[in-house]
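Both ligands and their constituent atoms are indexed starting at 1 by order of listing. Fair warning: this is a prediction, and the values are worked out from it, not measured in the lab.
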Amino acid sequence: MPELPEVETIVRDLNRKAVGLKITDAWTDWPRTIKTHTLDKFKREVKGRKILRAHRRAKYIMMDLSGDKTLIIHQKISGHLLYGKWKVSGKKVEPAMEGPIKSDPYNRFIRFILYLSNGYMLGLSDVRRFGKVFLGDTDKIENINEIGKLGPEPLDPKFMLAKFKELMCRKRGVIKKVLMDPFVIVGIGNIYSDEILWYSGVHPLRRVEKLTDKELALIYKNIKFVLKKAIGAKGDSQQDYRTLEGKFGTYQNMQKAYQLTGEKCQKHDGGIIKRIVINARSAHFCSVHQR
Ligand SMILES: [Zn+2]
């Protein structure tokens, strides 16, 4: 599932590619993707509106449109937004350009398209069809879905160590699960919680109420470090995620713990990466330095 670095990468590319263009039409073969409108009503609402800016809240992609509307896309489990050209006939979508949009099978599950005024399109490739689209008034975004109830943004400069400690003090339970709770802190999922805990030397099953001040400070520092490093790598493409142009991110080549079961720890401490299951989600950690 795309996490903060993957969504942030898409948003930065949207600002480069799509801002300033008008939406000329919309299409979907899966109308329930659009949560706030029927397809016909949605088309009428978005046609002719200009994309003013793209931004992100948690894992929601937000595009402010002219006329004080905001279009929101949540890619959910397997979705990723692409910028390209497709030929649509009825429910059939074929790539109309060469390159990864056509050649990478993960980019071939287009369920939703926004047509742009320069002839390009934004297409949501989503094999499992859980991706969602919302359209609402810009000043009422907080009312859409769960957005108003989400926790703070970890990369916000105002998100200080004191705030992180305060949030952790209010919680009980295993640290891996707490880090992945979007109502505590947003944007951290299975990949980056494993990575943050590896860098911090903290075992994923440790209880948050038993962590020392020093450990909390390390986790706080590594949240920012790992997420920034992953944004620099344009995200992790081990699974479905691709960039807006359909290319691979590169964080999968930098992983320290996630999905490395059985491999030697990169700290050369004699440890082996082990996998355990916590609430049906896997956790990967070094058997030696994560305590
Ligand atoms: Zn180790």
### Task
Determine which pairs satisfy side chain to side chain donor-acceptor pair (under 3.5 Å) with at least one residue from residues 15-24, sequence neighbours left out, and list them in order.
D13-R16
### Task
Only pairs at least two apart or in different chains count here, so list each side chain to side chain donor-acceptor pair (under 3.5 Å) that has a residue in residues 27-37.
none
### Query
Got a salt bridge between K102 and E94, using NZ or NE/NH1/NH2 to carboxylate O under 4.0 Å?
no
### Task
Could you please tell me which protein N, O or S atoms lie under 2.8 Å from the Zn ion (ligand 1)?
C265 SG, D269 OD2, C286 SG, H289 ND1
### Task
Would you list the pairs meeting salt bridge (Lys or Arg N to Asp or Glu O under 4.0 Å) in which at least one residue belongs to residues 201-218, sequence neighbours left out?
K165-D213, R172-E209, R206-E215, R207-E209
### Query
Cut-off 3.5 Å, side chains only: do Q238 and Y258 have a donor facing an acceptor?
no
#### Entry: Heavy-atom pair of closest approach, residues I188 and L179
CB-O, 3.5 Å
